[in-house]
Amino acid sequence: MSVTHISFSEHLTVQMIPEWRKQYVSYEVKPKWEEFFKTCDKELMKVNSFYSEKLTEANRRLVLFGIIALDSSAQEMGGDNYANLHLHAYKPTLRKKSELHKLKTAAGDVYLSLVFLQSYQEINYKALHKIMKKYDAKFECEHGLQWKTERLDASVLHTERNHCGQMMFRLETFMLQLEGGNKQKSMRRLKVPPRVKEQTAWQWITFRIGVTSGLVIALLALIVFKVRSESQMEPLVPLLQLYRGSFLLVEFLYLLGLSIWFWRRSGINHVLIFELDPRRHLSHQHVLEVAGFLAVCWCASMLACLHPSLLSVPQQLHPLFLHSLLLLLLLNPTPTCHSRSCRWLLAVMWKVLTAPFRPVGFAECWLADQLNSLSPLLLSLWDMLCFYTSQINWQDLQAGYFLYRENLDWERQSKVVTCLIQCFPPWLRFTQCLRQYWDSNNTLHLLNAGKYSTVLLMVTFASLYNAARARAAQAVELSVYLYLWAMATCMSVLVTVSWDLRMDWGLLQGNGLLKEELLFSREVYYYAAMLADVLLRISWAINILLAQMKDSAAAASASAVLAPLEVLRRSLWNLFRLENEQLKNCERCRAVRDFDFPVNLPEQFLQEKLMDQDEKQNDHHATSTLKTRVHQTNLPTGSSEMEPGMSP
């Protein structure tokens, strides 16, 4: 007969902070009855230790804000007396609005961590209490009640149960001061986001996603029909090739929306990993809605290009209009169309471009990795620049698509620029790795930099081979460059695949081909992803060579097929990369963002406050230990320590 109620077990699972999962009471564990109270003592010790640690950490953070801890007289106040409590808060000198924003963000994150800690205290206390009630009901005794009174109620988990609320009150007052007395704005910054596995799908967003999906399918069918029925497609090819990059962007956004949905279902906190605002961020519905809107625009633009007689706009301008729309949405200055997310993306992109000069975070590394897979998008933008500066006839746009002209100087420059563009994303990651090594002195980052250097070699040898082939070089020279490219490619594929599986995904480290802890439900997902990563890495390496063969129609067609496959591979990589990062956060019990902002508190004052808190914490721990020893002899036979999961 199980001691636990299924309903409470489910409630406990829902209320758990995913990153603290291992620190909760093991409610489902069924110890031997002669070791029942010993297991309970172990679990109580685990919970008490973690709760005390997080309380101390919260106190330290409040000291950094200059919020002086409540004294003994203030702690005894309750009810309406809190209204008379005066907050002695140090007000740091904020020279810039950005510093004030950082301070508010940090205060909001600390407040959220206190909400988590308060929930942790309540749910664990309730779990232990229910376990003791079940024990007494099964054996018709009061040993469980005695254990609760002498151990649980005397523990930090119970005696310090109001401390979180007191610190939250002081943070609310502090935020109110930062917002100039505007209570509505201050509480909005401290709003607690819902902690559920699934975000509620808003009906209106879901409706729009459905409509755009239907429109995309219908428009794609019309495009296919038009292309198959067109007798003279060759003159249109240079124009239609300009749509390849935007297609990859739409595909990437669709797959990103699906990835966010999959992360949420699997308990992966991508909001924390990317250090997004937990109160205001895009859901997978939002991303899918944006992807659907852009897909409709892409299809409509291509159809307009294929049917020039339907509109008075010259068909050569349709790709330009589409990409101008994309740029406008990205640089949107108005508070519409998810402008906050656009600003976040631009800020991260700026950090990526200036990697050697600033510390590097996970979001910057992730975005630079995405650019490695989206290099065909960058190449497409260059092709568009070439097209509208050297190939299009601006004198007579209405004359049709027969007015393209070739420019040999642009062709030669294009080959060099193509190589540079393909080298640019791996170069960004290379510099990021060097910066990370500079900051941490961890040689692992140097090895990662070496991995990206193999990509640079592969691109360089591919460019040399194509340049020699274009000028009709001798067979020996062609063979040398081809062999060098093949060797660099083999080395790069081996290194990148090994790094993907072992370092980025955390696989191949002890438990066969997988790892000890898996967040995804089935092992077959991991094996399928490993195989797909190997095959798609090879296709990506081949596409590096084909993308430079602009004089080969077959190579261009093959590259157009392989480029979307690389975007698919990157999306698979994202799923398992974030799973590995989530497991790292769980190991460190990191549930909120880290913050770093300038404070001007005197150093001696900080040290004295931290020392006082440590002394109080040590004194309390010593008192709790003494109480435990005093009551040890009064417990039932076989009692001692804990690991619950209890079930009579």
Problem - Steps toward ring-ring contact (aromatic ring centres under 6.0 Å, His included) verdict (F50, Y24) - result: CA-CA 9 Å; F50 183 76; Y24 282 81; 7.9 Å; no
Problem - Option passing ring pair (Phe, Tyr, Trp, His ring centres under 6.0 Å) with F520 (candidates Y525, Y527, Y526) - result: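 Going through Y525, Y527, Y526 one by one, the ring pair (Phe, Tyr, Trp, His ring centres under 6.0 Å) with F520 is satisfied by Y526 alone.
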Side chain [X], main chain [Y], donor-acceptor under 3.5 Å:
X	Y	answer
R502	L507	no
W261	H284	no
S49	M45	no
H445	N442	no
N580	D504	yes
R279	K191	yes
E364	G361	yes
K138	K133	no
S52	N48	yes
R188	K185	no

Handout entry: Verdict with supporting geometry, Q436 and N448, side chain to side chain donor-acceptor pair (under 3.5 Å)
Key = CA-CA 10 Å; Q436 288 177 305; N448 200 14; 5.2 Å; no
Which pair of heavy atoms, one from [X] and one from [Y], lies closest together, and at what distance?
X	Y	answer
I268	L578	CG2-O, 3.7 Å
L176	S186	CD1-OG, 3.7 Å
I273	Q582	CD1-N, 3.9 Å
D594	R61	OD1-NH2, 4.4 Å

Handout entry: Positive for side chain to side chain contact (heavy atoms under 4.5 Å, CB included) with W263, one of L258, N269, V271, N574
Key =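 Single pass found, and it is N574.
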Practice task
Using a 4.5 Å cut-off on heavy atoms from C-beta on, say whether the side chain of P278 contacts that of D109.
Solution key: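 Side chain of D109 against side chain of P278, heavy atoms only: contact under 4.5 Å found.
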Exercise for the section: Side-chain contact test, heavy atoms from C-beta onward, threshold under 4.5 Å: evaluate it for L117 versus Y51 and give yes or no. Expected result: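 Yes, their side chains come closer than 4.5 Å.
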Give, for atom [atom1] of [X] and atom [atom2] of [Y], the distance between the pair rounded to the nearest 0.5 Å.
X	Y	atom1	atom2	result
L114	F169	CG	CZ	14.0 Å
F174	Y111	CZ	OH	14.5 Å
D136	Q146	CG	CD	9.5 Å
I17	Q15	CD1	CD	8.0 Å
L434	L446	CG	CG	7.0 Å
L272	R590	CG	CZ	4.5 Å

Problem - Derivation of the side chain to side chain donor-acceptor pair (under 3.5 Å) call for S155 and H158 - result: CA-CA 6 Å; S155 67; H158 181 69; over 6 Å; no
Closer than 4.0 angstrom, basic N to acidic O: yes or no for [X] and [Y]?
X	Y	result
R340	D277	yes
E517	K584	no
E179	K104	yes
K54	E57	yes

Handout entry: N585 and R588: CA distance, side-chain angles, deciding distance, side chain to side chain donor-acceptor pair (under 3.5 Å) verdict
Key = CA-CA 5 Å; N585 284 338; R588 294 181 294 166; 2.9 Å; yes
Handout entry: Residue pair R435 / Q432, side-chain donor-acceptor N/O under 3.5 Å
Key =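 Their side chains do not contain a donor-acceptor pair, so the 3.5 Å distance test is not met.
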Handout entry: L508 and M530: CA distance, side-chain angles, deciding distance, side chain to side chain contact (heavy atoms under 4.5 Å, CB included) verdict
Key = CA-CA 11 Å; L508 312 179; M530 292 165 68; 3.9 Å; yes
Problem - Exceeds 12 heavy-atom contacts within 6.0 angstrom, atom CZ of R280 - result: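 No, the 6.0 Å shell around CZ holds no more than 12 heavy atoms from other groups.
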Practice task
May I ask you to check whether Y120 and F116 place their ring centers less than 6.0 Å from one another?
Solution key: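 No.
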